[in-house]
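Below: the structure, in structure tokens.
None of the values given here were measured: they were computed from a predicted structure.
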Amino acid sequence: MDNRISLHKLEVFCTVVELGGIGRAAGRLYVSQPVVSGHIRSLEQRLGVLLFDRAGQRLELTDAGRAAYGWARDTLRRGTELERELAGLADGTAGAVAVGTSMTVGSYLLPPVLVDFASAHPAARIAAHVLDPNHIWEAVTSGLCDLAVTIAHRIPTGQGLSGERVGHQDLVLVGAAEAEAGAGAGGMADSSVQVADLARMPFVSTPRGSRRRDIEDTELAELGVIDRNVVIELGHPEAIKHAVRAGLGAALLFRASVAAELADGSLREIRIADARPRLPVFAVRRADRRPSALHRTLLAAIHRGLGDGLDGGTSSPPRPGGR
């Protein structure tokens, strides 16, 4: 079998089979009958078999012709599928992309964006990995994820990463709807507190040493609160909210993770006078990798979905030092 067989010859062969004759195939393909006959003879020579039994004007497929027809149809179908896939890759409607996210982004912010994107781009394959915040950058540099979407003070330098801000998130102080601590317990029953009160309040937080805890401690340190009373350490926002609802203490949580509870009244926002902690949301990729059309299309969707309306406010300029 000669592998130098063009797709055009296969198309001519299939047209002859499906229309039942060389004359009809010639009319469909807008060529002369001798041209069609020449393609069939050439294909037979390259395959080394007879494709048709000729009985006057009638053509009937041989056993080899039936096998070749099945192969030819499959090859042409796969070629059409490849053409569509390549077109999709070029225009950003097909392909695959893996996104690494932190807990809050992956649980509360990104799912609606990805669901809408997958519905609008059924040929795209999207995978979202909720990772430990300490491993997100490594997932991008190693190639496990094509990009990461996470809340952070800054993108780390010296790791070959390139990123852009796609939105922001407020850290909000929340307490139980009916504070168990009572009106005199460090402001827990008040609707607002002074910064000085934060050092005396009981807090529910994540374990010391986690990046999520570092974010809280950094924000509080910028307000002048160096030490606070953390009564229990829990690793997931849902567990933290459970402890807050039980009256163990207040918690600093990103607004997206408590939006439903604030709306239904099961948690209560405690405003910090003259302070509004806010962090950027970054989309990050490897600087040495050119994003595909699908990556660019998804990034545009993330911009629209997570843009400056994350918490209903307007964006604020980053603080010095990369924020």
Side-chain angles (χ1 to χ4, degrees), residues 1-99 113-129 143-147 285-286 288-302 304-305:
M1 177 175 167
D2 188 337
N3 289 326
R4 294 171 298 171
I5 298 173
S6 69
L7 293 177
H8 180 57
K9 287 192 189 316
L10 297 183
E11 183 181 8
V12 171
F13 170 50
C14 290
T15 304
V16 172
V17 173
E18 289 157 8
L19 296 184
I22 287 176
R24 293 191 184 96
R28 169 72 61 83
L29 299 171
Y30 300 103
V31 296
S32 67
Q33 292 188 37
V35 170
V36 174
S37 298
H39 278 299
I40 297 299
R41 287 194 300 272
S42 174
L43 184 59
E44 289 179 327
Q45 291 169 0
R46 292 187 183 279
L47 291 175
V49 297
L50 287 176
L51 298 173
F52 295 100
D53 284 327
R54 294 167 177 82
Q57 297 297 317
R58 293 178 56 236
L59 294 178
E60 293 184 358
L61 283 171
T62 63
D63 289 342
R66 281 188 288 273
Y69 175 67
W71 167 73
R73 288 305 309 160
D74 186 59
T75 300
L76 292 174
R77 177 183 60 79
R78 289 176 179 271
T80 301
E81 290 173 350
L82 176 62
E83 182 180 11
R84 288 198 302 267
E85 183 174 352
L86 293 178
L89 292 173
D91 66 15
T93 61
V97 58
V99 183
V113 177
L114 297 183
V115 168
D116 289 346
F117 188 85
S119 297
H121 302 82
R125 300 184 300 280
I126 308 297
H129 302 271
L144 173 65
C145 295
D146 300 296
L147 63 103
R285 61 179 178 84
R286 271 173 49 178
D288 62 349
R289 290 186 63 180
R290 181 180 178 183
S292 70
L294 179 65
H295 296 172
R296 294 193 296 271
T297 304
L298 177 58
L299 186 58
I302 291 171
R304 292 191 298 271

Closest heavy-atom pair and its distance - [X], [Y]:
{"X": "Arg289", "Y": "Gly143", "value": "NH1-CA, 4.2 Å"}
{"X": "Arg296", "Y": "Pro291", "value": "NH1-O, 2.7 Å"}
{"X": "Thr62", "Y": "Leu50", "value": "OG1-O, 2.6 Å"}
{"X": "Gly92", "Y": "His121", "value": "O-CD2, 3.9 Å"}
{"X": "His295", "Y": "Ala96", "value": "NE2-O, 3.5 Å"}
{"X": "Asp146", "Y": "Arg285", "value": "O-CB, 3.7 Å"}

>> Can a donor-acceptor pair be found, under 3.5 Å and without considering hydrogens, that links the side chain of Ser42 to the backbone of Gly38?
In response: no
>> For the backbone of Asp53 and the side chain of Glu60, can you confirm whether one donor and one acceptor N or O come within less than 3.5 Å of each other?
In response: no
>> List the residues meeting side-chain hydrogen bond (donor to acceptor under 3.5 Å, both in side chains) with Arg290, not counting sequence neighbours, and say none if there are none.
In response: none
>> Assess the residue pair Arg54 and Leu59 against the criterion (side-chain contact (heavy atoms from CB on, under 4.5 Å)); give the C-alpha distance rounded to whole Å, side-chain angles, the decisive distance to 0.1 Å, and a yes or no.
In response: CA-CA 5 Å; Arg54 294 167 177 82; Leu59 294 178; 3.3 Å; yes
Pairwise side-chain contact, [X] with [Y], heavy-atom cut-off 4.5 Å (strictly under):
{"X": "Leu51", "Y": "Val17", "answer": "no"}
{"X": "Ile302", "Y": "Phe117", "answer": "no"}
{"X": "Val49", "Y": "Glu44", "answer": "no"}

Contacts of [X] that satisfy side-chain contact (heavy atoms from CB on, under 4.5 Å) - sequence neighbours left out:
{"X": "Glu18", "value": "Cys14, Tyr69, Arg73"}
{"X": "Ala128", "value": "Leu114"}
{"X": "Asp116", "value": "none"}
{"X": "Leu29", "value": "Val12, Thr15, Val31"}

>> Name the residue from Val97, Leu299, Thr93 that meets the side chain to side chain contact (heavy atoms under 4.5 Å, CB included) definition with Leu294.
In response: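 Filter result, single survivor: Val97.
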> What is the distance from atom CG of Leu43 to atom CZ of Arg46, rounded to the nearest 0.5 Å?
Replying inline: 9.0 Å
> Counting only heavy atoms not in Arg66, do more than 12 fall under 6.0 Å of its CZ?
Replying inline: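 Above 12, so yes.
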>> Can you confirm whether more than 12 heavy atoms, excluding those of Arg24, are under 6.0 Å from its CZ atom?
In response: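 No, the 6.0 Å shell around CZ holds no more than 12 heavy atoms from other groups.
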>> Can you pull out every ring pair (Phe, Tyr, Trp, His ring centres under 6.0 Å) where at least one residue sits in residues 1-23? Sequence neighbours excluded, please.
In response: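 Of all non-adjacent pairs touching residues 1-23, those that pass ring pair (Phe, Tyr, Trp, His ring centres under 6.0 Å) are His8-His39, Phe13-Phe52.
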